Amino acid sequence: MSKEACRMMISTKGRYALRVMLDMAEHGGGEWHRLSDVAQRQQLSKKYLESIMAALSRANLVESAVGKSGGYRLTRSPEEYPVGEILRAVEGDLSPISCQSEERSGCGQSCDCDARLFWQGLEDQINSYVDNHTLAQFMRVNEKIPAVLNGTERR
């Protein structure tokens, strides 16, 4: 399988990043969470989560503190975290093919290939989809908080 064929898949790192952010939101986003507690709740490797948390911290999605009462916490409310922002923090851009990506390590053709507009449209759809879903929406789906909290209750 070529690199291009695998490009679109979200890696384990992206899936775990979303799980960790959701876990912290559900267990009190403003509270400090020890990584060992999150790892245990999610049944994930603490060592692997350290690299994910480093990327999330670099992107200012979480803050960290050392010490007995330290750990990680969210920097804003779950409603203010688009899923796309979380995924891009650990995955890089979400381009479906490499010639559309920031690295531009694509097919070797010019940027004017006949399919360019199609691929750009697909990338726009992907970004729109992931950017229009938030951590708070995942929490509602999991029946952790009522939709009425942020005014999106269905009538």
Side-chain angles (χ1 to χ4, degrees), residues 1-107 111 119-147 149-150 152:
M1 191 178 287
S2 74
K3 181 179 178 183
E4 298 252 356
C6 295
R7 178 96 182 118
M8 181 114 163
M9 292 184 70
I10 300 296
S11 71
T12 302
K13 199 172 203 177
R15 293 190 328 264
Y16 287 1
L18 188 54
R19 281 175 58 183
V20 167
M21 294 290 286
L22 184 57
D23 181 274
M24 290 194 305
E26 290 175 337
H27 289 91
E31 304 296 319
W32 292 102
H33 299 276
R34 292 187 356 218
L35 197 54
S36 58
D37 294 340
V38 176
Q40 183 177 14
R41 285 191 302 259
Q42 293 297 315
Q43 300 177 341
L44 300 173
S45 159
K46 181 182 171 194
K47 184 75 173 164
Y48 192 47
L49 287 184
E50 287 173 353
S51 68
I52 292 170
M53 297 310 289
L56 294 172
S57 184
R58 279 191 301 275
N60 297 314
L61 299 178
V62 297
E63 60 183 334
S64 64
V66 295
K68 185 178 178 182
S69 61
Y72 292 91
R73 69 178 177 187
L74 302 181
T75 57
R76 51 195 192 243
S77 72
E79 294 82 10
E80 298 174 25
Y81 280 100
V83 171
E85 186 177 6
I86 297 166
L87 293 175
R88 282 188 286 276
V90 296
E91 297 281 354
D93 69 41
L94 301 177
S95 299
I97 59 172
S98 58
C99 61
Q100 290 288 118
S101 71
E102 291 173 358
E103 297 88 34
R104 303 275 185 223
S105 59
C107 60
C111 292
W119 295 121
Q120 182 61 55
L122 179 58
E123 180 179 356
D124 293 345
Q125 290 295 313
I126 292 167
N127 284 311
S128 175
Y129 184 81
V130 298
D131 288 336
N132 284 300
H133 287 79
T134 67
L135 283 182
Q137 290 169 321
F138 279 82
M139 294 168 73
R140 282 193 300 281
V141 167
N142 294 325
E143 299 179 350
K144 301 294 184 191
I145 62 171
L149 286 181
N150 74 353
T152 59

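For reference, positions follow the sequence shown, starting with 1. As the structure is a computational prediction, the values presented were derived from the model and not from experiment. No hydrogens, no waters, no symmetry mates; every other heavy atom, side chains included, goes into these values.
L56 is not listed as a side-chain neighbour of Y72, based on a closest heavy-atom distance of 4.5 Å or more. When side chains are defined from C-beta on, V83 does not count as touching T134, because their heavy atoms never get closer than 4.5 Å. The shortest distance between side-chain heavy atoms of I10 and L94 falls below 4.5 Å. Between Y129 and I126 the shortest side-chain heavy-atom distance does not fall below 4.5 Å. Contact annotation: the side chain of M53 never approaches that of S64 to less than 4.5 Å [non-hydrogen atoms, C-beta and beyond].
Taking S51 as the reference, nothing meets the side-chain hydrogen bond (donor to acceptor under 3.5 Å, both in side chains) condition, with sequence neighbours excluded. Listed by chain and residue number, R76, S77 satisfy the side-chain contact (heavy atoms from CB on, under 4.5 Å) test with E80 (two or more places apart in sequence, or in another chain). Under the rule for a ring-ring contact (aromatic ring centres under 6.0 Å, His included), H27 has no partner lying at least two apart in sequence or in another chain. A39 meets the side-chain contact (heavy atoms from CB on, under 4.5 Å) test with K46, L49; sequence neighbours excluded. Checked against side-chain hydrogen bond (donor to acceptor under 3.5 Å, both in side chains), T75 has the following partners two or more places apart in sequence or in another chain: Y81. Checked against side-chain hydrogen bond (donor to acceptor under 3.5 Å, both in side chains), D23 has the following partners two or more places apart in sequence or in another chain: R41, Q42. Listed by chain and residue number, nothing satisfies the side-chain hydrogen bond (donor to acceptor under 3.5 Å, both in side chains) test with N60 (two or more places apart in sequence, or in another chain). Among residues two or more places apart in sequence or in another chain, the side-chain contact (heavy atoms from CB on, under 4.5 Å) test is passed with D131 by P82, R88, N127.
Atom CG of L35 sits about 6.0 Å away from atom CD of E50, to the nearest 0.5 Å. Between Q137 atom CD and N132 atom CG the span is 8.0 Å, to the nearest 0.5 Å. With rounding to the nearest 0.5 Å, the separation of CH2 in W32 from CG in L74 is 10.5 Å.
Panel note: side chain E91, backbone K13; no donor-acceptor pair is recorded below 3.5 Å.
Shortest non-hydrogen contact noted between V130 and L87 is CG1-CD1, 4.2 Å. Nearest heavy-atom pair, A25 versus L135, reported as atom, atom and distance to 0.1 Å: CB-CD1, 4.4 Å. The two residues V90 and G14 make their nearest non-hydrogen contact at CG2-CA, 3.6 Å.
Evaluation of the salt bridge (Lys or Arg N to Asp or Glu O under 4.0 Å) test over residues 52-72, restricted to residues two or more places apart or in two chains, returns E63-R73. Residue pairs meeting the ring pair (Phe, Tyr, Trp, His ring centres under 6.0 Å) criterion with at least one partner in residues 33-58, sequence neighbours excluded, are Y16-Y48.
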